[in-house]
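Sequence lines set the chain letters: A, B, ... in the order given, protein chains first and strands last, and positions in each chain run from 1.
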Number of protein chains: 2
Amino acid sequence: MMAGLRERKKEQTRRRIAEAALRLFAERGYDEVTVNEVAEAAGVAKVTLFAYFATKECLVLDEVKEDMARIVTERPPGLSPLGALRAHYRAFAREAPGVDAESLLTRVRVISGSPALLAGVHQAHIGQRYELAAALEREPGDLIARLLAAQITAVITTLQEQFFHRLTCGAPLAEAGQRLADEVDIAFDLLERGFAASYGDKS
Amino acid sequence: MMAGLRERKKEQTRRRIAEAALRLFAERGYDEVTVNEVAEAAGVAKVTLFAYFATKECLVLDEVKEDMARIVTERPPGLSPLGALRAHYRAFAREAPGVDAESLLTRVRVISGSPALLAGVHQAHIGQRYELAAALEREPGDLIARLLAAQITAVITTLQEQFFHRLTCGAPLAEAGQRLADEVDIAFDLLERGFAASYGDKS
DNA sequence: TTTGAAATTGAACCCGGTACGCTTTATGCT
DNA sequence: AGCATAAAGCGTACCGGGTTCAATTTCAAA
């Protein structure tokens with residue numbers, strides 16, 4: 001394997017492109033920057049850029065992909081799928097203060113500032129929904145599993161939106177993380193027990 | 001108002017475009033047809049086509065837009081939001097055998113055959129999620145309402161997918177409608193009572 | 001019948017993304 | 001070391017969705 005000089009250069013190029021992209025998007029807004037400009041700023045041809053990133057959206061979103069399906073399939077024995085996901089997101093919320101706030105924040109701002117990127121995020125969540133449904137299925141075509149997968153991803157999307165919104169409004173990372181943790185519990189309680197008690201019966 | 005000759009011509013043109021589009025898409029597939037071809041087939045300039053339909057997707061999807069928010073805001077007094085939505089979709093399922101199966105089916109086939117259109121459908125559902133959340137909000141920033149809106153739209157998306165899938169597999173409209181009605185009840189029961197009983201506790 | 005606004009058009013243009021054929025460069029083999 | 005090969009990069013031309021703009025036609029109202 002030899003540590004691969006070639007491999008190293010590839011990763012380096014990929015990072016140069018991604019960094020140039022994020023910098024330009026942060027400066028002038030996603031929709032105001034063309035992929036040609038990104039390529040030029042990264043010192044690379046447009047064709048090369050698209051060899052590393054399938055679409056313009058991927059320049060921002062590729063490094064943010066989650067996968068909930070894995071959390072379910074690799075959960076410790078004795079834990080329910082919902083329990084595993086709840087634990088995971090609770091842990092994420094509590095670790096929030098540890099991550100690099102600077103880079104996270106600019107990425108969030110870029111995403112929140114562009115309808116196209118927000119749509120991309122939603123599409124990514126849709127993709128996760130199918131994977132999660134497959135992971136939850138107990139028998140082929142299990143309707144309950146599909147409904148559960150759909151509801152979980154919808155809930156996570158909502159929580160992520162709230163989290164992003166607070167960050168872009170200037171909330172400190174620690175506080176946003178704390179509130180996220182609380183909301184994770186609220187949301188999963190609702191998933192487990194339903195809305196009848198907290199909503200459906202009123203009015 | 002004079003019945004407006006102008007207005008009539010406009011609607012007529014719009015219909016000519018939409019029909020030409022659906023016909024071509026059904027014949028050769030959405031991605032294999034260019035908007036130029038649609039415009040030509042409709043006897044109209046590309047620029048005119050885009051005066052009527054904002055995007056290529058809209059050629060197929062504009063006539064399918066629902067709005068759940070209205071169902072909630074205009075529900076009869078004494079009925080909960082969840083109750084109103086359940087009743088609406090149950091009614092839709094039972095009326096299914098009444099609609100024009102031919103045209104519905106080709107549209108469904110066109111949509112199901114194109115990833116781009118499926119993505120468009122999902123985006124439309126996202127849009128409805130925000131409207132529904134606004135309709136459900138009891139106070140500004142009501143988290144429960146947002147979660148509920150997210151889960152409802154996710155559920156409806158799933159049920160719609162199941163319905164479409166059965167239709168494209170050749171199920172008769174009446175049967176697909178019947179199963180949809182059953183699934184609507186299952187799904188809304190889960191929304192109201194949660195997954196703990198039917199899923200979360202096992203394994 | 002004139003006048004003005006709305007509908008329609010062709011043509012040029014922008015941008016994301018692809019196809020193709022060519023050069024360069026790391027690497028594995030001898 | 002030297003060489004063949006495959007991978008990485010590049011330039012250019014192209015495609016299709018979508019917009020801009022100035023020019024023209026068409027309805028309708030006064």
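- Between B/E27 and B/R23 there is a salt bridge, with a side-chain nitrogen of the basic residue lying less than 4.0 Å from a carboxylate oxygen of the acidic one.
- Of all the residues in residues 114-122 of chain A, not one reaches under 4.0 Å from DNA chain C with any non-hydrogen atom.
- When the P atom of C/dA26 is taken as reference, atom CZ of A/R8 falls 11 Å away, rounded to whole Å.
- Atom-to-atom distance recorded for B/I17:CD1 and B/L22:CG is 13.5 Å, nearest 0.5 angstrom.
- Rounded to whole angstrom, the span from the CD atom of A/E7 across to the P atom of D/dA6 amounts to 17 Å.
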Listing, residues 139-153 of chain B side-chain donor-acceptor contacts under 3.5 Å, not counting sequence neighbours, or none:
unit_1: B/D142; atom_1: OD1; unit_2: B/R138; atom_2: NH2; d: 3.3
unit_1: B/D142; atom_1: OD1; unit_2: B/I144; atom_2: N; d: 3.1
unit_1: B/D142; atom_1: OD1; unit_2: B/A145; atom_2: N; d: 3.2
unit_1: B/D142; atom_1: OD2; unit_2: B/R138; atom_2: N; d: 3.3
unit_1: B/D142; atom_1: OD2; unit_2: B/R138; atom_2: NE; d: 2.8
unit_1: B/D142; atom_1: OD2; unit_2: B/R138; atom_2: NH2; d: 3.1
unit_1: B/R146; atom_1: NH1; unit_2: A/Q162; atom_2: OE1; d: 2.4
unit_1: B/T153; atom_1: OG1; unit_2: B/A149; atom_2: O; d: 3.1
unit_1: B/T153; atom_1: OG1; unit_2: B/A150; atom_2: O; d: 3.0

Listed pairs under 3.5 Å, donor-acceptor, residues 35-49 of chain A side chains, sequence neighbours left out:
unit_1: A/E37; atom_1: OE1; unit_2: A/R28; atom_2: NH2; d: 3.1
unit_1: A/E37; atom_1: OE1; unit_2: A/T34; atom_2: N; d: 2.9
unit_1: A/E37; atom_1: OE2; unit_2: A/R28; atom_2: NH2; d: 3.2

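- For B/K10 and D/dA28, the NZ to C1' distance is 15 Å, given to the nearest whole Å.
- The cationic group of B/K56 lies under 6.0 Å from the six-membered ring centre of B/Y30 and within 45° of the ring axis, placing it in a cation-pi geometry.
- At a non-hydrogen distance threshold of 4.0 Å, nothing from residues 16-32 of chain A comes into contact with DNA chain C.
- Across the protein-nucleic acid pair, B/K9 atom NZ and D/dA28 atom P stand 9 Å apart, rounded to whole Å.
- A/N36 has its CG atom 7 Å from the P atom of C/dG16, to the nearest Å.
- Applying the salt bridge (charged side-chain N to carboxylate O under 4.0 Å, His left out) test to every pair with at least one member in residues 153-171 of chain A, sequence neighbours left out, gives these pairs: A/E161-B/R129, A/R166-A/E183.
- A salt bridge links A/R86 with A/D189; the closest basic N to acidic carboxylate O contact falls under 4.0 Å.
- Contacts between residues 40-64 of chain B and DNA chain C, defined by a heavy-atom separation under 4.0 Å, are made by B/G43, B/V44, B/A45, B/V47, B/T48, B/Y52.
- Across all strands, A/V38 comes closer than 4.0 Å to no nucleic acid atom at all (heavy-atom distances).
- Under the 4.0 Å criterion applied to side-chain N and carboxylate O atoms, A/R179 and A/D182 are not assigned as salt-bridge partners.
- Salt bridge annotation for A/D62-A/R14: present, with a cationic side-chain nitrogen under 4.0 angstrom from a carboxylate oxygen.
- B/R94 CZ: 12 or fewer foreign heavy atoms inside a 6.0 Å radius.
- Counting heavy atoms from C-beta outward, B/L159 and B/V155 have side chains that approach closer than 4.5 Å.
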